[in-house]
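Quick note: numbers below take in every heavy atom, side chains included, and nothing from hydrogens, waters or symmetry partners.
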Amino acid sequence: MIAFVSGPVAALAPTTAVIEVGGVGMAVQCTPGTLAGLRVGQEARLATSLVVREDSLTLYGFADDDERQVFELLQTASGVGPRLAQAMLAVHSPDALRIAVSTGDEKALTAVPGIGKKGAQKLLLELKDRLGEPVGAAGRPGVGSAVSSSWSDQLHAALIGLGYATREADDAVALVTPQAEAALAEGAQPPVPRLLRAALQSLNRTR
């Protein structure tokens with residue numbers, strides 16, 4: 001198992017970071033929140049989890065060991081693969097997920113793209129005794145707290161990290177704001193990964 005990768009960031013994409021390790025570029029699948037903390041040319045250290053399939057080897061990267069551990073624990077629930085587990089961590093911090101599971105908060109889980117009400121109920125049952133207690137500052141009231149202080153800050157930082165100018169990032173955030181406000185109006189967290197894809201599409205059209 002590859003426990004972590006460390007080295008300069010060679011490239012960034014909407015869902016992937018390339019870390020140069022001993023002259024080899026390691027492609028690592030990351031959440032927008034993790035990508036937002038990376039800069040091309042700067043040193044980075046990502047905790048990683050290697051997912052082996054018959055036709056592929058995929059390396060998933062995380063800001064810390066706790067996030068990786070939760071990623072792996074989520075996959076012990078039936079129907080949860082690495083992509084869904086990563087989507088859950090893109091919307092919620094590890095401790096926010098622990099609180100959601102311990103309090104039976106369906107709404108927090110249905111805020112994740114790909115999880116419906118029945119799926120959330122099933123996950124709450126299966127994960128109840130697996131994730132443990134909150135371990136950090138996020139373990140306080142406010143279930144479903146986003147990974148960063150706000151969806152707009154997280155999205156803006158991710159766009160800057162991908163090399164877009166501040167003005168381009170501002171414009172892209174403004175364009176997807178109606179989508180985020182619609183989610184908030186329904187009592188859900190704005191789906192940052194989906195908003196990032198929409199923002200990138202708008203930027204590609206204007207270039």
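- Residues Q69 and P94 are not in side-chain contact: their nearest non-hydrogen atoms beyond the backbone lie 4.5 Å or more apart.
- In this structure the side chain of Q75 reaches within 4.5 angstrom of the side chain of P82, judged on heavy atoms.
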Check step by step if side chain to side chain contact (heavy atoms under 4.5 Å, CB included) holds for R45 and I19.
CA-CA 9 Å; R45 183 185 188 279; I19 310 296; over 6 Å; no
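- Annotation for V91 and P113: closest pair CG2-CD, 4.1 Å, computed over non-hydrogen atoms.
- Proximity of a side-chain donor or acceptor of R39 to a complementary backbone N or O of A36 within less than 3.5 Å is detected.
- Using a cutoff of 4.0 Å between basic side-chain nitrogens and carboxylate oxygens, R167 and D170 are not scored as salt-bridged.
- In this structure, L196 and P14 approach most closely via the heavy-atom pair CD2-O, 3.7 Å.
- Counting only heavy atoms from C-beta outward, the side chains of D105 and I99 never approach each other to under 4.5 Å.
- The two residues A44 and L38 come nearest to each other via the heavy atoms CB-CD2, 3.7 Å.
- Considering V5, D64, V9 as possible partners of L46, the one that fulfils the side chain to side chain contact (heavy atoms under 4.5 Å, CB included) test is V5.
- For the pair D66 and R98, the salt-bridge criterion is met [side-chain N within less than 4.0 Å of a carboxylate O].
- Residues L84 and L125 do not share a hydrophobic cluster, defined by chaining ILVMFWY side chains whose heavy atoms lie under 4.5 Å apart.
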Evaluation steps, side chain to side chain contact (heavy atoms under 4.5 Å, CB included), between Q29 and L59:
CA-CA 6 Å; Q29 298 288 317; L59 199 59; over 6 Å; no
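- Heavy-atom minimum distance, A17 versus C30: CB-SG, 4.3 Å.
- Counting heavy atoms from C-beta outward, R53 and T58 have side chains that stay 4.5 Å or more apart.
- Side chains of S6 and E43: no donor on one and acceptor on the other come within 3.5 Å.
- Judged by distance alone, with hydrogens and angles left aside, the side-chain atoms of T110 form no donor-acceptor pair with the main-chain N or O of I115 at under 3.5 Å.
- Here the CG atom belonging to L74 is positioned 5.5 Å from the CG atom belonging to L131, to the nearest 0.5 angstrom.
- Applying the side chain to side chain donor-acceptor pair (under 3.5 Å) rule to Q121 yields the partners E106; only residues at least two apart in sequence or on another chain are considered.
- Taking 4.5 Å as the limit, some side-chain heavy atom of L97 sits within range of a side-chain heavy atom of L109.
- No side-chain heavy atom of K128 sits under 4.5 Å from any side-chain heavy atom of S102.
- The closest side-chain donor-acceptor pair between T76 and R130 falls under 3.5 angstrom.
- A cation-pi contact, defined as under 6.0 Å to the ring centre and within 45° of the axis, is absent between R68 and Y60.
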List the atom pairs, with distances to 0.1 Å, where a side-chain N or O of residues 171-188 and a protein N or O form a donor-acceptor pair under 3.5 Å, not counting sequence neighbours.
residue, atom, partner, partner atom, Å
T177, OG1, V173, O, 2.7

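- Proximity of P32 to L195: side-chain heavy atoms (C-beta onward) are nowhere separated by under 4.5 Å.
- T48 approaches F4 most closely through the heavy-atom pair OG1-N, 3.3 Å.
- Two residues are said to be in side-chain contact when any heavy atoms from C-beta on lie closer than 4.5 Å; M26 and V18 fail this criterion.
- Of the possible polar contacts, none joining the T16 side chain to the A13 backbone as a donor-acceptor pair under 3.5 Å is found.
- The two residues L123 and A77 make their nearest non-hydrogen contact at CD2-CB, 3.7 Å.
- Every residue meeting the side chain to side chain contact (heavy atoms under 4.5 Å, CB included) condition with A63, not counting sequence neighbours, appears here in chain and number order: T34, E67.
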